[in-house]
Chemist: 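The structure under discussion is supplied below as structure tokens; questions concerning it will follow.
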Amino acid sequence: MPTSSGKALKLIVTGGAGYVGSVCAARLLEAGHEVVVVDDLSTGHADAVPEGARLVEGDAADATAATLRKGAFDGVLHFAAKSLVGESMQDPGKYWRGNVFTAIRLLDAMREHGAPRLVFSSTAATYGEPEKSPIPETAPTRPTNTYGATKLAIDHAITSYANAHGLAAVSLRYFNVAGAYGRYGERHATETHLIPIVLQVATGDRAQVQIYGDDYPTEDRTAIRDYIHVTDLADAHLLALGRAKPGEHLIYNLGNGTGFSVRQVIETCREVTGHAIPAVVAPRRAGDPAILVAASDKAREELGWKPERADLHGIVTDAWRFTRELTARQP
Ligand code: UFG
């Protein structure tokens, strides 16, 4: 388990009742930090907030401001966001208000109350269709969907606040997060992600998985993604807290650097679950790039980050265990 700066920090985790936020909150607590979770529970679950973290229910900016007003904090990890790519194209206002406007109000609250550090959940979607693969942080940022555009806009705002006001900021650009950690895992009311959908076929909650497009310029004609275990992702947040410097905005890609096609993911899920998992080919999903694979050398070199669960079989095994436990808990 990596530690951050060595000293226990007092932190606010927005979105700490969600998938990635809850895993990060759990790992921060294990590393000895003090955690207050701010979450409006619009997509998160109160029972996903780890024991030992206090939950403040409310808007990521307003409730964080109110919490900062009551006590000094060392920093904020900002996970809370709208994150459905398809929805972002149909209802862009929800994303510009919900992601960008909220983030600006959060930055202002941090400035007003003197919270010195920010770790922000950015995304590979900021790059859009890449010119080369794997994608380095220096690649052009031309998002192909509103979700990615809002995350990129926030990254720009963070740079300005770091330059002008001395904020110590790190943006982490996640590739495809998967897997689970103990009782913390992916459970969205509207599930759009490949691995949980495929596993829902294995549990019998879905009849089949649709393969969105088999006309991509890849070996098996399906799209390729870089799957990263949620605990490896969480560990990068702890390292980022230790690396953040006043007046600097650092940006790191987080992925394993290996791509798996949709068909390879489905096949791995078949191996792990022992279920047949019927799959049918459907049209491409709008805005999906063919290949998204991360160059994460910068995170490895500067943060000392080393993914420990890069194996797709292991990632799916953890997600499958979580899915079965969740299914068993449901009435
Ligand atoms: N896919 C299917 N069938 C499904 C679901 C997904 O074929 O039922 C395909 C998608 O078309 C894509 C791949 O599986 O090619 C992965 O799709 P996900 O929805 O799991 O993930 P995305 O790559 O679309 O997006 C994820 C996050 C985004 C983030 C992006 C960055 O959801 O927030 O990774 O890489 F921006």
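Remember, it's 1-based here, ligands and their atoms both numbered in the order they're listed. Only heavy atoms go into these numbers, but all of them, side chains included; no hydrogens, no water, no symmetry mates. Computed from a prediction, not measured in an experiment: that's the story for all the values here.
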Chemist: Does the distance from a Lys or Arg side-chain N to an Asp or Glu carboxylate O, for D155 and R173, drop under 4.0 Å?
Modeler: yes
Chemist: Regarding T203 and D205, is there a side-chain donor-to-acceptor distance under 3.5 Å anywhere?
Modeler: yes
Chemist: Closer than 4.0 Å to some heavy atom of A125 - which atoms of ligand 1 meet that?
Modeler: 31 (C), 36 (F)
Chemist: Are R27 and Y181 in a cation-pi setup, meaning NZ or CZ lies under 6.0 angstrom from the ring centre and within 45 degrees of the ring axis?
Modeler: yes
Chemist: Provide the number and element of each atom of ligand 1 under 4.0 Å from a heavy atom of A124.
Modeler: 31 (C), 35 (O)
Chemist: Is any side-chain heavy atom of P196 closer than 4.5 Å to one of T323?
Modeler: no
Chemist: Report, in ascending order of atom number, the atoms of ligand 1 lying under 4.0 Å from any heavy atom of I197.
Modeler: 8 (O)
Chemist: Is the Y19-H193 ring centre distance short of 6.0 angstrom?
Modeler: no
Chemist: In the protein, what heavy atom is nearest to atom 28 (C) of ligand 1, and what distance, to one decimal place, separates them?
Modeler: Y147 CE2, 4.0 Å
Chemist: Which of these, D288, V265, L194, sits in a side chain to side chain contact (heavy atoms under 4.5 Å, CB included) with R225?
Modeler: D288
Chemist: Just heavy atoms, cut-off under 4.0 Å: does R284 contact ligand 1 by side chain, backbone, both, or neither?
Modeler: neither
Chemist: Between L238 and L28, is there a side-chain heavy-atom distance shorter than 4.5 Å?
Modeler: yes
Chemist: Any side-chain heavy atom of Y252 within less than 4.5 Å of one from V170?
Modeler: yes
Chemist: So if I count the atoms of ligand 1 from 1 in the order they appear, which ones are less than 4.0 Å from some heavy atom of T123?
Modeler: 29 (C), 31 (C), 36 (F)
Chemist: Relative to the ring of H275, is the ring of W320 parallel (under 30°), tilted (30 to 60°) or perpendicular (over 60°)?
Modeler: perpendicular
Chemist: Check ligand 1 against Q210 and write out every atom of the ligand that is under 4.0 Å from a heavy-atom position of the residue.
Modeler: 2 (C), 3 (N), 4 (C), 7 (O), 8 (O)
Chemist: Given Y174, Y127, Y212, Y216, which one has a non-hydrogen atom that is nearest to atom 1 (N) of ligand 1?
Modeler: Y212
Chemist: Using a heavy-atom cut-off of under 4.0 Å, does the side chain or the backbone of Y227 touch ligand 1, or both, or neither?
Modeler: side chain
Chemist: Taking non-hydrogen atoms only, is L194 closer than 4.0 angstrom to ligand 1 via side chain, backbone, both or neither?
Modeler: both
Chemist: Which atoms of ligand 1 sit under 4.0 Å from any heavy atom of A223?
Modeler: 15 (O)
Chemist: In terms of atom number and element, which parts of ligand 1 are under 4.0 angstrom from non-hydrogen atoms of L292?
Modeler: 35 (O)
Chemist: Among all protein non-hydrogen atoms, which one is nearest to atom 21 (O) of ligand 1, and what is the separation to 0.1 Å?
Modeler: N176 ND2, 3.0 Å
Chemist: For atom 14 (O) of ligand 1, state which one of T218, V262, N145 supplies the nearest heavy atom.
Modeler: V262
Chemist: Let me see the working for H249 and F120 under ring pair (Phe, Tyr, Trp, His ring centres under 6.0 Å), right down to the final yes or no.
Modeler: CA-CA 10 Å; H249 179 206; F120 173 61; 8.2 Å; no
Chemist: Considering the heavy atoms of I211, write down every atom of ligand 1 situated less than 4.0 Å from one of them.
Modeler: 7 (O)
Chemist: Any idea which part of R285 is under 4.0 Å from ligand 1, heavy-atom wise: side chain, backbone, both or neither?
Modeler: side chain
